[in-house]
Amino acid sequence: MEKATIKSYQPSRWQELKKDLIRNKSLYLMIIPVVAYYFIFHYIPMYGLQIAFKDFTPAKGIWGSPWVGLEKFKEFFVYDSFYVWRIIRNTILINVYDLIFGFPAPILFALLLNEIKNSIYKRTLQTVSYMPHFISTVVIVGMIMDFFARDGLINNILKSLGVLSEPISFMTEPGWFRPLYVGSGIWQNLGWGSIVYLAAISNIDPQLYEAALIDGAGRFRQALYVTIPGILPTIVIMFLLRVGHMMNVGFEKVFLMYNPLTYETADVISTYVYRKGLLEMDYSYGAAVGLFNSVINFLLVIFSNKIAKKLTETSLW
Amino acid sequence: MDWFKSSKKVLSIIVVIAFALSLVIPAFVSSTSTAYAKSIPTLTYFVRLDPKVATSYNSYSSIAAYQLLQKKLGVKLVFKHPPVGGETDQFNLMIASRQLTDIIEWNWIDNYPGGPVKALLDKVIIRLNDYMPKYAPNLSKYLQQHPDIKKLIVTDDGDIYGFPALRGTNPKIACVYYGPQIRNDWLKKLGLKEPETVDDWYKVLKAFVTKDPNGNGKKDERGFSILRNASNPRYAFDYSSFLVGAWGIKTDFFQVNGKVKYGPLEPQYKQFIATLQKWWKEGLIDPDILTMNQKVIKANVQNDVIGAWIGLLSGDMGFFLNLKKDIIATKFPVLKKGEQPLLGQAEFLFSRTSAAITTACKDIPTAMKVLDWGYSKEGYEAFNYGVLGKSYIKKDGKVYYTDEILKNPQGLSAAEALAKYARASISGPFVQADEYYLQIQMMHPQQKEAVMQKWSDVKNDRILPPLSFTDEESKRLANIMNTVNTYYDEMFLRLMTGKATNVDSFVKTLKQMKIDEAIKIYQAAYDRWKKRK
């Protein structure tokens with residue numbers, strides 16, 4: 001008897017939730033639109049994923065099209081084997097380069113900005129560096145094409161400096177594709193990407209710097225032993241989010257930049273799927289490859305999250 | 001739970017939820033409600049917005065001919081123009097989402113996977129045969145009088161799926177509009193004759209790039225270039241058979257004595273590639289053709305950098321002639337002097353585009369009537385000439401375009417000026433008139449010479465007609481050709497620039513990609529075509 005009464009005082013999970021709902025009702029109300037958005041636009045459409053296993057034709061609709069099992073995946077890996085490894089390799093390589101060169105760039109930029117004490121100069125520099133982020137990809141690629149054309153700005157500069165005798169045709173050399181892609185990406189996102197790190201830096205306790213100063217640390221040592229450890233959790237989180245996109249390359253930019261001569265290094269999964277899946281209206285094929293892509297991305301995030309947890313004690317969950 | 005008792009709070013929750021849903025709900029409710037018309041029937045019409053119209057209007061409904069059509073037939077046409085450059089994407093989206101317009105004008109043969117047969121099978125468009133005699137008397141009559149054209153526009157089973165865009169009745173002037181053009185003043189300056197053979201071409205181009213014909217003292221001349229919007233020069237060669245035609249082959253599918261062949265597999269292909277490689281190596285070819293940057297190439301022609309190119313009759317040649325460049329057309333090159341070229345650019349009188357009626361159309365008779373009007377005498381005149389007294393006049397029973405069109409005061413080109421009144425400068429579901437070709441496409445004597453003497457002096461019996469494939473065939477074909485085309489696009493440029501030299505290994509890979517099976521499919525479709533009535 002006694003035990004039972006004691007138990008009745010302990011609220012069950014459901015009751016706890018109810019209590020919480022009542023206590024924080026305004027918070028819950030505020031989250032409804034967001035939950036509804038994700039449910040309606042991100043979860044409901046997932047039923048469409050089944051066309052990856054169907055021979056989908058718009059005439060028959062999603063439910064009416066016949067099941068074909070893993071046929072579409074087989075098409076990708078077996079029938080298209082001429083390209084499949086090349087496009088997977090290109091996709092991964094572009095991302096790896098972007099991770100090696102593109103990921104640290106805003107961090108370094110933020111660290112450098114942090115050292116600038118003249119606030120007017122600092123603000124101007126920041127604003128200027130944000131600018132490219134707001135230019136659309138189409139325009140960016142147009143600029144790249146003009147600057148790097150055979151008789152474009154870069155070739156002319158290099159020629160007048162005497163570095164080159166013959167112009168390099170950057171846009172048609174497979175070897176130049178990745179540097180141009182990653183380089184222009186850094187240029188475009190350097191300033192914008194540094195915002196989050198600057199915010200993290202401003203959160204570091206000034207006392208730590210004072211302590212470091214007393215210990216005789218110079219500027220460089222302060223950055224090394226105070227600033228970087230201070231923003232490390234942010235870096236790890238950003239890194240994990242970045243890894244989640246490992247198998248996705250911005251389709252738009254590659255599509256605008258490449259041409260048949262640079263397919264060798266530039267053709268990526270999304271562009272190949274576009275040519276095959278959308279232009280040929282083989283929607284099932286596109287869905288199958290997209291699903292494959294998402295699964296790999298998902299696994300990569302879980303995997304790197306685990307590693308990050310072990311190494312730095314910071315993780316997404 | 002006591003807060004539930006308070007009605008004020010309940011009310012406020014309802015308001016919040018309603019607000020949240022109102023953000024989300026409209027996406028579900030598609031805007032079909034606008035389709036209800038009071039008394040006049042309304043039809044939606046999907047068609048690309050031709051740039052010649054876009055210089056003046058943003059919808060075809062502003063074109064005088066369509067205003068007349070709507071008034072005469074008592075209908076309202078609502079044109080849905082996809083954004084320029086995004087036509088294919090928009091079309092594919094429309095098909096996938098099943099939000100079809102009543103009428104779709106489209107190249108069903110090349111730009112719908114599986115072709116018109118598949119479009120009928122997918123229930124995107126409807127078969128018109130049963131409606132033809134009753135609701136399309138004009139087109140029916142036209143097809144009876146021109147069985148050769150009927151053969152081009154039906155499927156193998158004899159299904160009529162659309163109202164065809166026809167290029168007049170005279171293939172000699174209507175079907176030829178793309179070919180080699182050369183700087184006549186450069187030829188004269190260097191004392192050269194118009195090139196006829198492949199060897200002549202080599203000598204002329206070599207002289208162009210070495211002897212400074214533009215006289216600026218710099219070695220900046222480029223011999224040969226290509227003006228055509230495509231991602232790869234291969235398509236210009238596919239399309240015009242320039243150079244490759246000298247060996248009697250095309251770069252893609254063609255036929256000899258009823259047997260379908262594929263260019264790269266033919267022994268002559270090696271000689272074609274070797275010639276291209278030689279031209280490239282010696283700097284005779286404009287390096288900009290690798291990226292096909294049309295703006296740059298066109299500017300270079302204007303700035304006297306490029307000596308010869310393949311380009312359009314009106315858009316390119318006419319454009320440069322208007323700038324007073326001394327340009328002439330040349331014949332398609334041959335191997336031996338005096339031979340007639342076997343292959344050149346040539347289209348069929350049917351331009352492969354048709355206006356089809358979709359399964360979404362609620363009022364088929366009216367749609368038929370609207371589209372059939374283009375083949376009536378009245379429609380023919382409106383679509384080709386525009387408005388009497390404004391865009392054209394009649395003298396001694398003959399039609400002449402006015403100065404408003406030919407010497408437009410606003411500085412529009414003749415084709416652009418005409419596009420405000422008529423559709424003759426944009427092919428569509430009607431028969432284009434000879435007057436349009438003679439008076440507008442060939443305003444300059446050099447253009448007339450190009451079409452009447454130079455470019456049409458070609459045998460051209462090896463070109464394949466528009467074929468139709470079965471569902472199975474087109475699926476298999478798409479599978480093979482997608483792999484092949486990606487590889488071919490890449491290899492063509494590598495072979496041309498000398499980065500790859502081994503044609504044999506290229507062919508070997510094509511065979512691994514099952515090109516032979518694709519040829520067989522083409523053969524079967526061609527055999528069926530020959531049996532068409």
Side-chain angles (χ1 to χ4, degrees), chain A residues 18-19 21-22 25-26 28-37 39-41 55-61 75 79-83 86-87 138 145-146 149-152 167 169-174 257-264 267 271-272 274-283 285, chain B residues 1-4 9 12-13 16-17 19-21 23-25 27-28 88-89 92-93 95-98 111-114 118 121-124 231-232 234 287-288 290-293 296 300 359 475 478-494 497 499 509 512-514:
Chain A
K18 224 188 306 186
K19 225 167 135 192
L21 271 171
I22 294 162
K25 53 189 178 280
S26 2
Y28 282 102
L29 276 176
M30 275 163 71
I31 209 175
I32 285 179
V34 179
V35 171
Y37 167 81
F39 184 72
I40 291 165
F41 292 109
D55 187 14
F56 173 73
T57 45
K60 289 179 196 140
E75 210 174 285
Y79 300 152
D80 291 344
S81 54
F82 290 107
Y83 301 114
R86 182 170 89 180
I87 57 179
V138 181
M145 286 208 183
D146 280 347
R150 273 178 59 90
D151 45 9
S169 55
F170 291 99
M171 302 311 291
T172 56
E173 283 289 337
M257 270 177 77
Y258 79 168
N259 61 53
L261 262 185
T262 51
Y263 276 175
E264 193 185 324
D267 203 12
T271 48
Y272 185 76
Y274 170 76
R275 289 204 305 279
K276 172 143 185 161
L278 281 183
L279 290 186
E280 297 291 330
M281 289 193 201
D282 194 346
Y283 302 110
Y285 183 89
Chain B
M1 277 242 234
D2 40 348
W3 56 272
F4 263 121
K9 278 181 176 167
S12 71
I13 290 162
V16 169
I17 290 173
F19 175 71
L21 287 180
L23 293 173
V24 163
I25 293 288
F28 286 118
T88 310
D89 294 342
N92 288 355
L93 272 177
I95 301 296
S97 66
R98 296 257 109 193
N111 297 341
Y112 189 91
K118 186 79 196 313
L121 215 68
D122 283 351
K123 296 208 171 56
V124 170
S231 56
N232 192 325
R234 188 196 128 200
D288 282 321
L290 292 182
T291 44
M292 291 301 269
N293 191 333
V296 175
N300 278 330
T359 46
K475 248 187 211 151
N479 247 328
I480 298 170
M481 290 317 288
N482 195 281
T483 316
V484 165
N485 283 333
T486 301
Y487 179 65
Y488 191 4
D489 281 351
E490 192 177 331
M491 283 309 287
F492 186 84
L493 291 177
R494 292 173 66 90
T497 54
K499 281 188 183 132
T509 311
Q512 280 168 9
M513 293 173 170
K514 305 215 167 61

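So that the names make sense, note that chain A is the first sequence line, chain B the second, and so on, each numbered from 1. Note that this is a predicted model, so its numbers are computed, not measured.
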message = Given heavy-atom pairs under 4.5 angstrom as the criterion, report whether the side chain, backbone, both or neither of A:D55 touches chain B.
response = side chain
query = B:N111 versus B:T88: any side-chain heavy-atom pair under 4.5 Å?
reply = no
query = Where on B:N92 is there a heavy atom nearer than 4.5 Å to chain A: the side chain, the backbone, both, or neither?
reply = both
inquiry  = Quick check on B:R98 against chain A: is it the side chain, the backbone, both or neither that has a heavy atom closer than 4.5 Å?
reply    = side chain
remark   = Highest number of heavy-atom pairs under 4.5 Å with chain B among A:Y272, A:F56, A:Y263 belongs to A:Y263
query = Between B:N482 and B:T486, which heavy-atom pair has the shortest distance, and what is it?
reply = O-OG1, 3.0 Å
Residue selection (most heavy-atom pairs with chain B, distance under 4.5 Å) from A:L261, A:T172, A:V34 = A:L261
Basic-acidic side-chain contact under 4.0 Å: B:K475, A:E75 = no
message = Can you tell me which of B:T359, B:N293, B:L290 forms the most heavy-atom pairs within a distance under 4.5 Å of chain A?
response = B:L290
task = Identify which part of B:N485 has an atom lying under 4.5 Å from any heavy atom of chain A, answering side chain, backbone, both or neither.
result = neither
request  = Among the options B:K123, B:R234, B:Q512, pick out the one with the most heavy-atom pairs lying under 4.5 Å from chain A.
outcome  = B:Q512
key: CE on A:M145 to CE on A:M171, rounded to 0.5 Å   = 4.5 Å
ask   = About how many Å separate CZ of B:R494 and OH of B:Y487, when rounded to the nearest 0.5 Å?
value = 9.0 Å
key: N-O pairing of A:R275 and B:D489 below 4.0 Å   = no
request  = Rounded to the nearest 0.5 Å, what's the gap from OG1 on B:T483 to OH on B:Y488? Could you check?
outcome  = 15.5 Å
task = Check each atom of A:Y274 against the heavy atoms of chain B and say whether the ones under 4.5 Å are side chain, backbone, both or neither.
result = side chain
query = Under a 4.5 Å heavy-atom cutoff, which of B:M292, B:M513, B:K499, B:K118 has the most pairs with chain A?
reply = B:M513
